[in-house]
Amino acid sequence: MQIQPTPLEDAESLLINLEQEVKNLNIQYESKQSERILSNHIWMTTVFEERLMPRANKLKESLVKIKGTYAPVFKSTTQFDAPLLHCEEIVKALGEVLYLYKIRANASDIKIKMQQAMPKLMSNLTSLRNRFYIVKGNVTRGKQIDA
């Protein structure tokens with residue numbers, strides 16, 4: 001019989017997967033071949049639609065589930081709102097870049113958008129990870145206190 005992961009474990013796994021995909025995108029963005037890679041609309045649309053957006057959206061759904069599950073116990077949603085806000089910013093930034101690929105924007109427009117989006121993505125991802133582990137620690141400590 002398989003043990004179902006808790007919402008926190010599920011979200012942590014999704015966070016790690018999203019981090020890896022965004023890091024891969026950042027590596028491609030910073031590579032010597034970035035012009036060639038980033039100007040390939042079909043390839044990048046596939047990367048965004050099949051790897052990045054689904055992972056970001058699943059993480060967002062998982063964070064909403066965590067908020068619904070644990071926020072009533074803590075009688076405050078503030079600590080649960082912060083990671084959710086960072087995740088929404090990540091989804092928004094990814095969506096903006098994906099939109100340019102879908103409308104087949106020229107390479108210079110995509111390059112400018114990526115220059116704006118990558119620092120936001122990396123910053124929000126770091127903040128999301130930090131906030132998530134704060135929530136996880138508080139929930140874990142809360143469980144230990146109740147036990």
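Since we're looking at a predicted model, the values are computed, not measured.
The closest side-chain heavy-atom distance from Met118 to Leu25 is below 4.5 Å. Taking 4.5 Å as the limit, every side-chain heavy atom of Val135 sits out of range of all side-chain heavy atoms of Tyr70. Looking at Asp109 and Lys113, their side chains never come closer than 4.5 Å, going by heavy atoms from C-beta outward. With contacts defined as side-chain heavy-atom distances shorter than 4.5 Å, the pair Ile16/Gln20 does not qualify. Between Val139 and Phe80 there is a side-chain heavy-atom pair separated by less than 4.5 Å. The shortest distance between side-chain heavy atoms of Lys111 and Glu35 falls below 4.5 Å.
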Candidate pair Leu18 and Ile90, rule side-chain contact (heavy atoms from CB on, under 4.5 Å), full reasoning: CA-CA 10 Å; Leu18 179 62; Ile90 291 169; 4.3 Å; yes
Set out, in order, the CA-CA distance, both residues' side-chain angles and the distance that settles side-chain contact (heavy atoms from CB on, under 4.5 Å) for Glu96 and Leu100, then state yes or no. CA-CA 7 Å; Glu96 290 172 355; Leu100 289 179; over 6 Å; no
Kindly indicate, with the supporting measurements, whether the criterion side-chain contact (heavy atoms from CB on, under 4.5 Å) is fulfilled by Ile66 and Phe132. CA-CA 10 Å; Ile66 289 170; Phe132 174 79; 4.1 Å; yes
Report the C-alpha separation of Leu125 and Arg129 in whole Å, then their side-chain angles, then the decisive distance to 0.1 Å, and conclude whether the side-chain contact (heavy atoms from CB on, under 4.5 Å) test is met. CA-CA 6 Å; Leu125 198 56; Arg129 181 181 356 95; 5.9 Å; no
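Interatomic distance, Asn124 CG to Arg131 CZ, rounded to the nearest 0.5 Å: 11.5 Å. From Lys136, atom NZ reaches atom CD of Glu12 across 3.5 Å, with rounding to the nearest 0.5 Å. Between the CG atom in Leu84 and the NZ atom in Lys67 there is a gap of 6.0 Å [rounded to 0.5 Å]. Interatomic distance, CG of Leu14 versus CG of Asp10, reported as 5.0 Å (0.5 Å rounding).
Judged purely by atom type and a 3.5 angstrom limit, Ser34 has no side-chain atom pairing as donor or acceptor with the backbone of Glu30. A distance-only check finds no donor-acceptor pair linking the side chain of Tyr101 to the backbone of Asn40 [under 3.5 Å].
Checked for salt-bridge contact, Lys120 and Glu89 miss the test: no charged N lies under 4.0 Å from a carboxylate O.
Listed here is the closest heavy atom pair of Leu128 and Pro83: CD1-O, 3.2 Å.
Ile112 and Ile110 fall into different hydrophobic clusters, where Ile, Leu, Val, Met, Phe, Trp and Tyr are joined by side-chain heavy atoms under 4.5 Å apart, directly or via other members. Linking Ile, Leu, Val, Met, Phe, Trp and Tyr whenever their side-chain heavy atoms come within less than 4.5 Å leaves Ile134 and Leu85 in two separate clusters.
Not a single side chain to side chain donor-acceptor pair (under 3.5 Å) links Ser39 to another residue, sequence neighbours left out.
Environment of OH in Tyr133: crowded, with over 12 heavy atoms of neighbouring residues, nucleotides or ligands closer than 6.0 Å. When the shell of 6.0 Å around CZ of Arg55 is examined, it contains more than 12 heavy atoms from other residues, nucleotides or ligands.
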Throw together a table of side-chain donor-acceptor distances under 3.5 angstrom for residues 58-65, partners on residues two or more places apart or in other chains.
none

Please table the atom pairs, donor to acceptor, closer than 3.5 Å between any side-chain atom in residues 42-54 and protein atoms at least two apart or in another chain.
residue: Thr45; atom: OG1; partner: His41; partner atom: O; Å: 2.6
residue: Thr46; atom: OG1; partner: Ile42; partner atom: O; Å: 2.9
residue: Glu49; atom: OE2; partner: Lys102; partner atom: NZ; Å: 3.0

